[in-house]
K.L.:
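Submitted below is the structure of interest, expressed as structure tokens.
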There are 2 protein chains.
Amino acid sequence: MDDQDPPTGIDSVAVARAGNRSLSVMDQIREAILDGSVSAGERINEVKFSRTLTVSRTPVRAALQALAGEGLLDYAPNRGFTVREFPLDAIVDAYEIRASLEGVAARFAAERGLGPEERAIIEQSLVAGDKLLERGSFGPGDLAAYRSINGDFHETLLSAARNRMLAEMIRICHHVPMSSSRNIVAFEHRDVRRRHDDHHRIFEAVMAREPHRAEMLMREHVSGVKASLIRSLTDRSEPPV
Amino acid sequence: MDDQDPPTGIDSVAVARAGNRSLSVMDQIREAILDGSVSAGERINEVKFSRTLTVSRTPVRAALQALAGEGLLDYAPNRGFTVREFPLDAIVDAYEIRASLEGVAARFAAERGLGPEERAIIEQSLVAGDKLLERGSFGPGDLAAYRSINGDFHETLLSAARNRMLAEMIRICHHVPMSSSRNIVAFEHRDVRRRHDDHHRIFEAVMAREPHRAEMLMREHVSGVKASLIRSLTDRSEPPV
DNA sequence: CGCCTTCTAAGTGAATACACTTATTAAATG
DNA sequence: CATTTAATAAGTGTATTCACTTAGAAGGCG
């Protein structure tokens, strides 16, 4: 009942997750990795981190274990944790894997059907996207807005698949550095338009209870995102991160 | 500097994994879960486990974290870890997910090509399977032998896919209780024959560098395993575990 | 001059002690 | 008699300590 006041100024961003410190620490370390504050291949020093975060090594270790489970870190006995490297090949592959998994999710959703509020959320995401894309170009913040819409669509469809393992694996795909939604900023208007069209068709297939078609459309959809990313990396050789 | 002598006699079974105790403990707990020694939904008591395994809570917690990462355990703050439940639906779904993932692996392998020794191992697994299936029925231990052959085939193809994330996800699918290879015992001779035929065709597609065909064949192959399992569960209502 | 050995520092692995949260039981009150 | 509340026990969360392993540096030896 002494040191319950939040530490120095680290939690500033995430204000700490509910429950225990390990989870909060986990989020912070993940952020540090995805931000690039700690670079790939780097070895993680537990005591250093615990000092930085003003906690003991225990929650730090717990967080590291969990992040290793997510695939962000490697572990070697007596050598601790290192930040896993994600070469471009692996990132592109991750999109392919995600495409396959989200395809299965769409199929499951089409087989199982949407609940009323799931349907409502998706329909809302579709009209919101339509409205956003009405004008032929983006204003400031429009891309961020669409990112949120996009997230709603995919997350809701995923929850309609009603399979936890699937959800977790897709979540892992999202956490691959650079494939995370935060980094997908450099998209043209026509790219987004095309993707939003995909959403419409996927929704139709799901509502029509056409599992196979829903799966194929979703696979193609995510593969398209991969293609866009590759283009944005090669055209202007300006890596988003 | 007193109690450095190794503990009583715990490592007896698994002789402990190289490196640290956490990994050894992890294996033991996983075994306990997959064996059913601790039942699904059950809450795991850390102190109890540490007493049973004659280690402190620290490596136990580390192992639990890691197993949660593998998806075998659930975690809730201040409530610790519970054994995740795998209803039949989830197990069947896991096969579907694995089919999709191994399909991608086969595609990657066909795109990237097999290394010389990978090719050798697979060819060997094919001839070994042919020989085993020549006679029209199984002797004792033949099924176990084929399980090993089957494992070689899939593992080698997976390594040829050259993607770590994919490998880990498939590994997770294998660790789902009852979908683990250890439990697939109740197969007819014709089932195995069919599956082995699949192997031949998949190998051909991979060698012919036909990614799409390889993917489709592998998906169908694993889905077939799922179907066999379902049949073996429903026909005789004798659950393998 | 180069290589091997040894010593030392740094960092991880494990154990223990303590703090805090949750659940259960009993008691008291309506 | 039921319901709520307080006390207590059990169990998880965190910190700290010590042991052990590994890596780096310095010195001796070939």
Side-chain angles (χ1 to χ4, degrees), chain A residues 1-8 10-11 14-29 38 41-69 72-84, chain B residues 1-11 14-29 32 38 41-69 72-84:
Chain A
M1 66 296 276
D2 41 10
D3 58 2
Q4 64 153 10
D5 57 344
T8 56
I10 309 93
D11 314 304
V15 191
R17 230 200 267 197
N20 53 29
R21 292 178 197 186
S22 302
L23 296 174
S24 156
V25 167
M26 184 175 161
D27 289 340
Q28 297 180 61
I29 297 181
V38 295
E42 193 173 326
R43 195 167 148 183
I44 286 186
N45 188 322
E46 294 177 2
V47 297
K48 221 168 137 193
F49 255 89
S50 42
R51 266 200 300 262
T52 303
L53 303 174
T54 6
V55 295
S56 80
R57 278 175 60 206
T58 311
V60 170
R61 286 182 67 96
L64 294 176
Q65 305 265 10
L67 289 172
L72 242 64
L73 298 176
D74 282 330
Y75 172 75
N78 290 319
R79 300 187 109 196
F81 297 86
T82 56
V83 179
R84 188 179 290 192
Chain B
M1 68 288 278
D2 41 13
D3 58 2
Q4 63 152 8
D5 57 345
T8 56
I10 315 91
D11 316 302
V15 189
R17 230 202 267 198
N20 52 29
R21 290 177 200 184
S22 302
L23 296 174
S24 157
V25 168
M26 184 175 161
D27 289 340
Q28 297 181 60
I29 297 181
V38 295
E42 193 173 328
R43 194 166 151 184
I44 286 188
N45 189 324
E46 295 177 3
V47 297
K48 221 168 138 194
F49 254 90
S50 42
R51 267 200 299 262
T52 305
L53 303 173
T54 5
V55 293
S56 80
R57 277 176 61 205
T58 311
V60 171
R61 284 181 68 92
L64 294 176
Q65 302 267 9
L67 289 171
L72 241 64
L73 299 175
D74 281 331
Y75 172 74
N78 290 319
R79 302 186 112 193
F81 298 86
T82 56
V83 180
R84 190 181 287 193

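Throughout, protein chains are lettered first and strands after them, A, B, ... in sequence-line order, and every chain is numbered starting at 1.
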K.L.:
Distance check, rounded to the nearest 0.5 Å: B:L23 atom CG versus B:N20 atom CG?
P.N.:
4.0 Å

K.L.:
For the CD atom of A:Q65 and the CZ atom of B:R61, what is their distance to the nearest 0.5 Å?
P.N.:
10.5 Å

K.L.:
Without decimals, in angstroms, what is the distance between B:L53 CG and C:dA14 P?
P.N.:
13 Å

K.L.:
What's the spacing between B:T58 OG1 and B:E46 CD if we round to 0.5 Å?
P.N.:
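Between B:T58 OG1 and B:E46 CD, I get 9.5 Å after rounding to 0.5 Å.
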
K.L.:
Whole angstroms only, please: what is the CZ-P distance between A:R51 and C:dA10?
P.N.:
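Taking CZ of A:R51 and P of C:dA10, I get 11 Å after rounding.
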
K.L.:
Got A:S22 and A:M26 here, is their nearest side-chain heavy-atom distance under 4.5 Å?
P.N.:
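No - every pair of side-chain heavy atoms lies 4.5 Å or more apart.
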
K.L.:
Got a list of protein N/O to nucleotides 8-12 of chain D N/O distances below 3.5 Å?
P.N.:
{"residue": "D:dG11", "atom": "OP1", "partner": "B:N45", "partner atom": "ND2", "Å": "2.9"}
{"residue": "D:dG11", "atom": "O5'", "partner": "B:N45", "partner atom": "ND2", "Å": "3.3"}
{"residue": "D:dT12", "atom": "OP1", "partner": "B:I44", "partner atom": "O", "Å": "2.9"}
{"residue": "D:dT12", "atom": "OP2", "partner": "B:E46", "partner atom": "N", "Å": "3.3"}

K.L.:
Nearest 0.5 Å, please: how far is CG in A:L72 from OG1 in A:T82?
P.N.:
11.0 Å

K.L.:
Report yes if some heavy atom in the side chain of B:L73 is under 4.5 Å from a heavy atom in the side chain of B:V83; otherwise report no.
P.N.:
yes

K.L.:
Is any side-chain N or O of A:S22 closer than 4.0 Å to OP1 or OP2 of D:dG13?
P.N.:
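The answer is no; no side-chain N or O of A:S22 sits under 4.0 Å from OP1 or OP2.
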
K.L.:
Is B:S56 close enough to C:dA15 that one of its side-chain N or O atoms is under 4.0 Å from OP1 or OP2 there?
P.N.:
yes

K.L.:
Taking the side chain as every heavy atom from C-beta outward, state whether B:F81 and B:I29 have any atom pair closer than 4.5 Å.
P.N.:
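A side-chain contact under 4.5 Å is absent here.
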
K.L.:
Between protein and nucleotides 6-9 of chain C, what N or O pairs are separated by less than 3.5 Å?
P.N.:
none

K.L.:
Looking at residues at least two apart in the chain, or sitting in another chain, which of them share a salt bridge (charged side-chain N to carboxylate O under 4.0 Å, His left out) with B:R84?
P.N.:
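Counting only residues at least two positions away or on another chain, B:R84 forms a salt bridge (charged side-chain N to carboxylate O under 4.0 Å, His left out) with A:E168, B:D74.
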
